[in-house]
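Structure record follows, encoded as C-alpha cells.
Computed from heavy atoms alone, side chains included, the values below leave out hydrogens, waters and symmetry copies.
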Amino acid sequence: MAHLLEPFAGDRADDAAVRLIAHFGSLGRALDASPGQLAAALGRDDDLVGAIVAARALIKAGLREQVARTQVSVRDPRFRDYLRSIIAKSPTECLHATFVAQDWGYLADEMLAQGGTAHVEGDLRRLLGRAFDVGAQGVVLAHNHPSGSAEPSAEDIRLTRRIADLTQAVGVQLLDHLILAGTDIVSMRERGLL
C-alpha cells in the first residue's frame, strides 16, 4: 500500500500505510472510509486525508462516466465495477438506483438509502420521485451485504417484489435488483426472484 500512497504522502507513505492497515485491516476498507475515519487513522494528517478522498472521487467519477456513455447492462463489467466502487465495501447496507431510458440508456444514478449492518429500508417515494424527475422507463436497484454473502434474504425478496409491483403500476419497470458482497454480485432477475 505504501507505494500507492507515495504520490500523495511522499516520505510519509510507509507510516501512513501501516496506520491505515492497522486501523482498517485492508486497502479496500481504508479507501471506503469516511474522511473522519481516515483522519482518526492517520492522526489528523489533513493533506493526506484530502488527497485520498479526492483520488477516490476521481476514480468513481471516471467509472460513472464510462457507465453514463453506454446502455446500462447488469452484466457489463464496467457497470459492475462502478457499483462495487460505490457500495460493495460499505460497512453498512446501502441501496442504490440506476435510472435508464426505454433503450436502457443511462439517465442518472443515486444512493437512495443507507441502513445498518444487516438491513436497509428504501424510501419508495424517493425512488419513484427520482424516476419521474429523470423520465426513467426502468430502474436497476443494487444493495450490498456487509456480511460477505451476496445471497438474497427473505426480506430482500419480499421488498424487491413489492418495489416491482409499485414501479410497474406507475409505468416504470424494475429491471433487476443486484446484491453485492465483496466481489460477488447476485442478480435477482437471473435467480427468478423478480
Side-chain angles (χ1 to χ4, degrees), residues 32 34 56-57 59-194:
D32 284 332
S34 71
R56 178 175 57 206
I59 290 166
K60 288 178 182 179
L63 290 170
R64 174 182 272 157
E65 183 179 287
Q66 288 180 355
V67 168
R69 286 196 221 154
T70 63
Q71 289 181 315
V72 174
S73 168
V74 298
R75 304 204 52 57
D76 184 341
R78 293 172 298 186
F79 182 63
R80 288 173 171 243
D81 287 345
Y82 175 60
L83 292 176
R84 283 185 189 104
S85 77
I86 56 177
I87 64 172
K89 293 184 179 92
S90 174
T92 60
E93 285 199 14
C94 304
L95 179 64
H96 180 271
T98 303
F99 301 95
V100 300
Q102 187 171 0
D103 65 353
W104 286 63
Y106 174 92
L107 294 172
D109 71 284
E110 185 172 315
M111 189 75 68
L112 294 176
Q114 288 189 285
T117 57
H119 179 75
V120 65
E121 188 69 38
D123 182 345
L124 299 181
R125 281 182 237 146
R126 183 173 173 194
L127 169 68
L128 293 175
R130 188 68 175 131
F132 294 145
D133 287 347
V134 300
Q137 298 292 310
V139 63
V140 176
L141 292 178
H143 84 275
N144 64 313
H145 280 178
S147 67
S149 171
E151 290 302 312
S153 68
E155 178 65 15
D156 292 336
I157 295 165
R158 184 194 66 73
L159 180 62
T160 300
R161 289 179 177 159
R162 180 172 169 231
I163 292 170
D165 289 343
L166 289 171
T167 56
Q168 183 177 7
V170 295
V172 178
Q173 183 181 4
L174 178 57
L175 301 167
D176 208 338
H177 186 167
L178 304 174
I179 300 175
L180 293 81
T183 59
D184 296 333
I185 298 179
V186 169
S187 161
M188 292 184 74
R189 180 159 305 278
E190 288 178 4
R191 290 277 180 96
L193 300 172
L194 178 63

Quiz prompt | Q71 and D103, any side-chain heavy atoms less than 4.5 Å apart | solution = yes
### Task
Indicate yes or no: at least one non-hydrogen side-chain atom of L83 is less than 4.5 angstrom from one of L178.
yes
inquiry  = Can a donor-acceptor pair be found, under 3.5 Å and without considering hydrogens, that links the side chain of D184 to the backbone of A150?
reply    = no
Quick note, ring pair (Phe, Tyr, Trp, His ring centres under 6.0 Å) partners involving residues 159-191, not counting sequence neighbours, are H143-H177
Residues pairing under ring pair (Phe, Tyr, Trp, His ring centres under 6.0 Å) where one sits in residues 72-95, two or more places apart or in two chains, turn out to be none
For A181 and S149 the tightest heavy-atom approach is CB-C, 3.5 Å
Can you tell if the side chain of I179 reaches within under 4.5 Å of the side chain of N144, non-hydrogen atoms only? no
In short, salt bridge (charged side-chain N to carboxylate O under 4.0 Å, His left out) pairs touching residues 164-175 with sequence neighbours left out are none
Those residues at least two apart in sequence (or on a different chain) that pass salt bridge (Lys or Arg N to Asp or Glu O under 4.0 Å) with R78 are D76
Shortest non-hydrogen pair, S90 vs P146, comes out as O-CG, 3.7 Å
Side-chain contact test, heavy atoms from C-beta onward, threshold under 4.5 Å: evaluate it for T70 versus Y106 and give yes or no.
no
Query raised in the report: Going through the checks in order, is the side-chain contact (heavy atoms from CB on, under 4.5 Å) test met by V170 and L128?
Result: CA-CA 9 Å; V170 295; L128 293 175; 3.8 Å; yes
Can you find a heavy atom in the side chain of V100 that is under 4.5 Å from one in the side chain of Q137? no
When every non-hydrogen atom of A97 is compared with those of L127, the smallest separation belongs to CB-CD1, 4.1 Å
Nearest heavy-atom approach of A136 to L107 is CA-CD1, 3.6 Å
Tightest non-hydrogen contact, residues A108 and V134, listed as CB-CG1, 4.0 Å
*asked:* What verdict does the side-chain contact (heavy atoms from CB on, under 4.5 Å) test give for T160 and R158, after you've listed the backbone C-alpha separation in whole Å, the side-chain angles of each residue and the deciding distance to 0.1 Å?
replied: CA-CA 6 Å; T160 300; R158 184 194 66 73; over 6 Å; no
Heavy-atom donor-acceptor pair, R130 side chain to E110 backbone, under 3.5 Å = no
I want to check something: taking the side chain as every heavy atom from C-beta on, are I87 and L180 in contact at a cut-off of under 4.5 Å?
yes
Residue set satisfying salt bridge (Lys or Arg N to Asp or Glu O under 4.0 Å) with D81, at least two apart, ordered chain then number -> R84
Less than 4.5 Å apart, side chain to side chain, heavy atoms only: is that true for M111 and L95? no
query = V139 and Q173: side-chain contact (heavy atoms from CB on, under 4.5 Å), yes or no, with the steps?
reply = CA-CA 6 Å; V139 63; Q173 183 181 4; over 6 Å; no
Show me the side-chain donor-acceptor pairs of residues 187-194 shorter than 3.5 Å, one per line, residues at least two apart or across chains.
unit_1, atom_1, unit_2, atom_2, d
S187, OG, D176, OD1, 3.1
S187, OG, D176, OD2, 2.6
S187, OG, R189, N, 3.4
S187, OG, E190, N, 3.0
R189, NE, L175, O, 2.6
R189, NH2, L174, O, 2.8
R189, NH2, L175, O, 3.4
E190, OE2, R75, NH1, 3.1
R191, NH1, E151, OE1, 2.8
R191, NH2, E151, OE2, 3.0

One should read off an interatomic distance between E93 CD and S147 OG, to the nearest 0.5 angstrom, of 7.5 Å
The reported gap from NE2 in H96 to CG in L112 (rounded to nearest 0.5 angstrom) is 8.0 Å
